[in-house]
A.B. asks: 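Got a structure for you, questions after.
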Amino acid sequence: DAGVTQSPTHLIKTRGQQVTLRCSPKSGHDTVSWYQQALGQGPQFIFQYYEEEERQRGNFPDRFSGHQFPNYSSELNVNALLLGDSALYLCASSLGPQDNSPLHFGNGTRLTVT
Amino acid sequence: AQSVTQLDSQVPVFEEAPVELRCNYSSSVSVYLFWYVQYPNQGLQLLLKYLSGSTLVKGINGFEAEFNKSQTSFHLRKPSVHISDTAEYFCAVSGSNQGGKLIFGQGTELSVKP
């Protein structure tokens with residue numbers, strides 16, 4: 001039973017570029033959430049996708065956008081990269097968007113912006 | 001709005017000693033509480049969760065936590081730690097109608113020494 005898988009594992013981009021991160025949820029899960037974890041900090045909620053729609057969004061600018069596909073996989077896109085976007089980006093999946101659905105996390109994509 | 005405060009950023013302890021990692025939360029609505037563990041270069045793994053019912057919650061790897069509504073706390077405990085418990089621990093809260101959006105604390109680095 002595959003867990004949450006993310007790709008790539010590491011990525012180096014230049015300021016101003018655009019990046020796309022990918023996530024496949026745990027088998028049987030239909031909801032995907034994205035979190036940003038800066039070095040030494042706890043994860044911060046970016047947004048959540050369910051039924052191919054963005055259902056909730058955290059305090060992140062419009063440069064951060066996403067998509068969910070019919071097979072429940074998801075992409076996170078970040079435009080006009082800033083140095084401050086350097087972080088570990090975590091994808092989490094759950095069965096439904098309910099408050100009490102435990103999240104299962106992937107190992108993350110480490111993004112470095114130079 | 002909800003918030004989570006982990007009272008200790010670092011907790012050093014000797015192997016086989018007991019440990020308590022402290023977590024306080026604030027919320028104006030009913031909450032669900034979680035503890036996650038993060039090993040180096042990995043994503044987050046769910047240790048335990050409080051959704052309702054008994055205030056003493058048992059999790060994986062011998063960890064347990066107690067929900068105290070009057071003190072708005074959810075401290076994590078283990079009676080005897082192992083070297084392999086060395087990791088970062090995150091307390092998180094989800095509230096009613098938050099649809100799976102987790103608010104994380106800053107994390108507590110548990111360092112188990114031989």
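Order of the sequence lines fixes the chain letters, A, B, ..., with proteins taken first and strands second; residue numbering starts at 1 for each chain. Just so it is clear, the values below take in all heavy atoms, side chains as well, and ignore hydrogens, waters and symmetry mates.
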A.B. asks: Determine whether more than 12 heavy atoms belonging to other residues, nucleotides or ligands lie under 6.0 Å from atom OH of A/Tyr72.
C.D. replies: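 No.
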
A.B. asks: Given side chains that start at C-beta, do those of B/Gln45 and A/His104 come closer than 4.5 Å, heavy atoms only?
C.D. replies: no

A.B. asks: Where do B/Gln42 and A/Leu88 come nearest, in terms of heavy atoms and distance?
C.D. replies: O-CD2, 4.5 Å

A.B. asks: Count the heavy atoms of every other residue, nucleotide or ligand shown that sit under 6.0 Å from CD1 of B/Ile60, and state whether that count exceeds 12.
C.D. replies: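 Yes, because the 6.0 Å sphere around CD1 of B/Ile60 holds more than 12 heavy atoms from other groups.
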
A.B. asks: Going from CD on A/Gln41 to CD on B/Glu88, what distance comes out if it is rounded to the nearest 0.5 angstrom?
C.D. replies: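 It comes to 10.0 Å.
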
A.B. asks: Between B/Phe90 and A/Gln37, is any pair of side-chain heavy atoms under 4.5 Å apart?
C.D. replies: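 Result yes, sub-4.5 Å side-chain heavy-atom pair found.
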
A.B. asks: What about B/Tyr39 and B/Val19, same hydrophobic cluster or not, with Ile/Leu/Val/Met/Phe/Trp/Tyr joined at side-chain heavy-atom distances under 4.5 Å?
C.D. replies: yes

A.B. asks: Would you say that B/Asn41 contacts A/Asn107 through its side chain, given a criterion of any heavy-atom pair below 4.5 Å between the two side chains?
C.D. replies: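 They are not in contact (no side-chain heavy atoms under 4.5 Å apart), so the answer is no.
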
A.B. asks: State the CG-CD distance between B/Leu102 and A/Gln44, to the nearest 0.5 angstrom.
C.D. replies: 13.0 Å

A.B. asks: What about B/Phe74 and B/Ile103, same hydrophobic cluster or not, with Ile/Leu/Val/Met/Phe/Trp/Tyr joined at side-chain heavy-atom distances under 4.5 Å?
C.D. replies: yes

A.B. asks: Please check if the number of heavy atoms outside A/Asn71 that lie under 6.0 Å from its CG is greater than 12.
C.D. replies: yes

A.B. asks: Please determine whether the number of non-hydrogen atoms from other residues, nucleotides or ligands lying under 6.0 Å from atom CZ of A/Arg63 exceeds 12.
C.D. replies: yes

A.B. asks: Is there a path of hydrophobic side-chain contacts, each under 4.5 Å between heavy atoms of I/L/V/M/F/W/Y residues, joining A/Val4 to A/Leu11?
C.D. replies: no

A.B. asks: With a 6.0 Å cut-off (strictly less than), is the heavy-atom count around CD1 of A/Ile12, excluding the residue itself, greater than 12?
C.D. replies: no

A.B. asks: Got a second to check how far A/Phe47's CZ is from B/Lys101's NZ, nearest 0.5 Å?
C.D. replies: 13.5 Å

A.B. asks: Highest number of heavy-atom pairs under 4.5 Å with chain B: which of A/Gly42, A/Gly40, A/Gly96?
C.D. replies: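 Going by pairs under 4.5 Å, I would pick A/Gly42.
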
A.B. asks: Please name the pair of heavy atoms, one in B/Gly43 and one in A/Leu90, separated by the smallest distance, quoted to 0.1 Å.
C.D. replies: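 Closest pair (atom of B/Gly43, atom of A/Leu90, distance): CA-CD2, 4.1 Å.
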
A.B. asks: Return yes if some donor-acceptor pair links the side-chain N/O of B/Tyr36 with the main-chain N/O of A/Leu103 below 3.5 Å, else return no.
C.D. replies: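 Yes; judged by distance alone, with no hydrogens or angles, the pair exists.
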
A.B. asks: Please state whether the side chain, the backbone, both or neither of B/Leu46 comes within less than 4.5 Å of a heavy atom of chain A.
C.D. replies: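 For B/Leu46, the contact with chain A is made by the side chain alone.
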
A.B. asks: Do A/Tyr50 and A/Phe60 land in one hydrophobic cluster if side-chain heavy atoms of ILVMFWY residues count as linked below 4.5 Å?
C.D. replies: no

A.B. asks: Does atom NZ (A/Lys13) have a neighbourhood of more than 12 heavy atoms from anything else shown, all under 6.0 Å?
C.D. replies: yes

A.B. asks: State plainly whether one hydrophobic cluster holds both B/Leu33 and B/Tyr89, where clusters connect Ile, Leu, Val, Met, Phe, Trp and Tyr through side-chain heavy atoms under 4.5 angstrom apart.
C.D. replies: yes

A.B. asks: If the contact rule is any heavy atom under 4.5 Å from chain A, which residues of residues 104-114 of chain B qualify, in numerical order?
C.D. replies: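 Residues in range: B/Phe104, B/Gly105, B/Gln106.
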
